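The structure presented is a predicted model; accordingly, all values stated were derived computationally and were not measured.
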Amino acid sequence: MIYPPAPRPGDLIALVCPSSPLAEGKPVEAIAEAVEALGFRVRIGASCRSGTDCGYAAAPASVKARDINEAFADPAVKAVWCVRGGSTAWQIPPLLDYDAIARNPKPLIGFSDITTLHLAVNRRCGLVTFHGPTANRVPDWAAGDSFSWRSLQNALGLEGRMAAENPPGESIRVLRPGRAQGELAGGNLSLVAASLGTPWQVDAKDRILFLEDVGEAVYALDRMLSQLQYAGILESAAGIIFGDFSNCRNAYREDYGPPALLRDFTAGWRKPVLYNVRSAHCSPMATLPLGAVCIIDGNTITLDNPRRQ
């Protein structure tokens, strides 16, 4: 895997909108100003200011793919930052110029619906990408969220080895003890499950699989995990890391939520399983480099730049 160089102060960042439109009250200009306040220059992609008849896509797939392809092909651009998640990033993988992306490695940053792009670029280009905050969160950091920015910086600038850390007061919990090592893969559970049978299907073999989600009923989490189990994905993984499952409730029994489901679902497994890694739909949010070497040992997670291997 190729670990892309981190952008430096003064570098140009491309903002792209590969999923849903930006919410009202958070215009792309305000997001760009917040990213500039971090010390970067910004280019706003056409997908950030476009629209579609359906309403739930930020722009036509061709516009979104062109933004990403042009950002990777342009040597002046040093990182590609998705402004938000949502839906419809699944339209883009067939339109990406994977040869150009592989020739011009740079960070691709985002989470949630951006999982589809992480899966495609990881698999087709051998490029480490970053499961981290979307740029629409940056304006909120001025209110005191220094952790999210620091975690993103640490992941982007990883040269050797570092511990993956949760925000203060949030512990990483052990569901199944043990030690395992492998490249980190995965992202949002719904999108990982939806990747099955596609050319960019998640590859968890001998890897550490990370999964998180938001707003799903507990029975839906059960169904998607079962789908991954029946497809052999969970069995093939060296270890599993579960993130936060924000607003995932059980309407039939309030006290049986995601922690109980994951505990029962993984009962008897011999591979290590961790829970509550806060790289998910939560704030503050940790950044995880997908494709980096990940080591689970007890309740600790260590991330290693593959260049060291």
Side-chain angles (χ1 to χ4, degrees), residues 3-51 57-59 63-86 89 92 100-101 104-114 117-118 121 127-159 167 278-279 281-290:
Y3 209 103
R8 298 179 178 180
D11 280 347
L12 181 64
I13 306 294
L15 297 183
V16 300
C17 198
S19 299
S20 295
L22 286 166
E24 288 192 20
K26 194 168 278 188
V28 68
E29 290 77 14
I31 296 170
E33 288 178 5
V35 174
E36 288 172 345
L38 297 176
F40 302 108
R41 295 178 295 120
V42 172
R43 176 188 298 170
I44 299 174
S47 57
C48 300
R49 292 187 171 122
S50 188
V63 173
K64 295 187 287 187
R66 185 169 64 248
D67 271 359
I68 295 172
N69 289 334
E70 290 180 351
F72 271 97
D74 186 348
V77 173
K78 302 304 181 184
V80 182
W81 203 342
C82 302
V83 296
R84 71 155 295 180
I92 304 175
I101 294 172
N104 301 281
K106 57 194 69 174
L108 172 66
I109 308 165
F111 78 112
S112 191
D113 191 51
I114 310 306
L117 302 183
H118 290 312
V121 172
L127 177 64
V128 171
T129 61
F130 296 87
H131 186 272
T134 45
N136 62 343
R137 292 186 167 208
V138 179
D140 300 330
W141 293 353
D145 182 5
S146 61
F147 175 87
S148 297
W149 173 224
R150 185 172 68 253
S151 180
L152 177 58
Q153 286 179 300
N154 290 341
L156 290 171
L158 179 63
E159 291 291 342
R278 309 291 285 184
S279 181
H281 290 75
C282 53
S283 184
M285 176 187 179
T287 296
L288 296 176
L290 298 172

By salt bridge (Lys or Arg N to Asp or Glu O under 4.0 Å), R84 pairs with (sequence neighbours left out) none
The side chain to side chain contact (heavy atoms under 4.5 Å, CB included) partners of A6 (sequence neighbours excluded) come to L156
Here the gap from H118 atom NE2 to H131 atom NE2, rounded to the nearest 0.5 Å, amounts to 6.0 Å
Sorted by chain and residue number, the side chain to side chain contact (heavy atoms under 4.5 Å, CB included) partners of S50 (sequence neighbours excluded) come out as A59, P60
For E36, the salt bridge (Lys or Arg N to Asp or Glu O under 4.0 Å) test, sequence neighbours excluded, returns none
In terms of heavy-atom contacts, L22 and C48 come closest through CD1-O, 4.5 Å
Heavy-atom closest pair (A89 atom, L117 atom, distance to 0.1 Å) is O-CD2, 4.1 Å
Hits for side chain to side chain donor-acceptor pair (under 3.5 Å) against T134, two or more places apart or cross-chain, chain-then-number order -> N136
* Beyond-backbone contact of R41 with L12, side-chain heavy atoms, under 4.5 angstrom -> yes
Residues P75 and A73: closest non-hydrogen pair is CD-O, 3.2 Å
Taking W149 for the side chain and V138 for the main chain, is one N or O donor matched with an acceptor at less than 3.5 Å?
-> no
Residue set satisfying side chain to side chain donor-acceptor pair (under 3.5 Å) with R43, at least two apart, ordered chain then number -> D74
Salt bridge (charged side-chain N to carboxylate O under 4.0 Å, His left out) pairs touching residues 22-34, sequence neighbours excluded, are K26-D140, E29-R49
The side chain to side chain donor-acceptor pair (under 3.5 Å) partners of D11 (sequence neighbours excluded) come to none
A57 meets the side chain to side chain contact (heavy atoms under 4.5 Å, CB included) criterion, sequence neighbours left out, with T52, C54, K64, T88
Residues P7 and I13: closest non-hydrogen pair is CB-CD1, 3.9 Å
Taken in chain and number order and not counting sequence neighbours, the residues that satisfy ring-ring contact (aromatic ring centres under 6.0 Å, His included) with F130 are Y3
D145 meets the side chain to side chain contact (heavy atoms under 4.5 Å, CB included) criterion, sequence neighbours left out, with W141, F147, S148, S283, P284
For S19 and G86 the tightest heavy-atom approach is CB-N, 4.1 Å
*Just wondering, do P18 and D113 contact through their side chains at under 4.5 Å, heavy atoms?*
no
In this structure, CG of L152 is separated from CZ of R137 (nearest 0.5 Å) by 12.0 Å
Whether the side chain of H281 engages the backbone of F111 through a donor-acceptor N/O pair (distance < 3.5 Å, no angle test) should be reported. no
- Task: Output yes when a side-chain donor or acceptor of S47 lies under 3.5 Å from a complementary backbone atom of C17, and no otherwise.
- Result: yes
* State, yes or no, whether a side-chain contact exists between W81 and I31 at a heavy-atom distance under 4.5 Å. => no
Residues at least two apart in sequence or cross-chain that pass side chain to side chain donor-acceptor pair (under 3.5 Å) with T287, listed by chain then number, are none
Of all heavy-atom pairs linking P105 and P5, the shortest is O-CD, 3.8 Å
One should read off an interatomic distance between C82 SG and I68 CD1, to the nearest 0.5 angstrom, of 6.0 Å
Is a side-chain N or O of K106 found less than 3.5 angstrom from the main chain of V80, in a donor-acceptor match? no
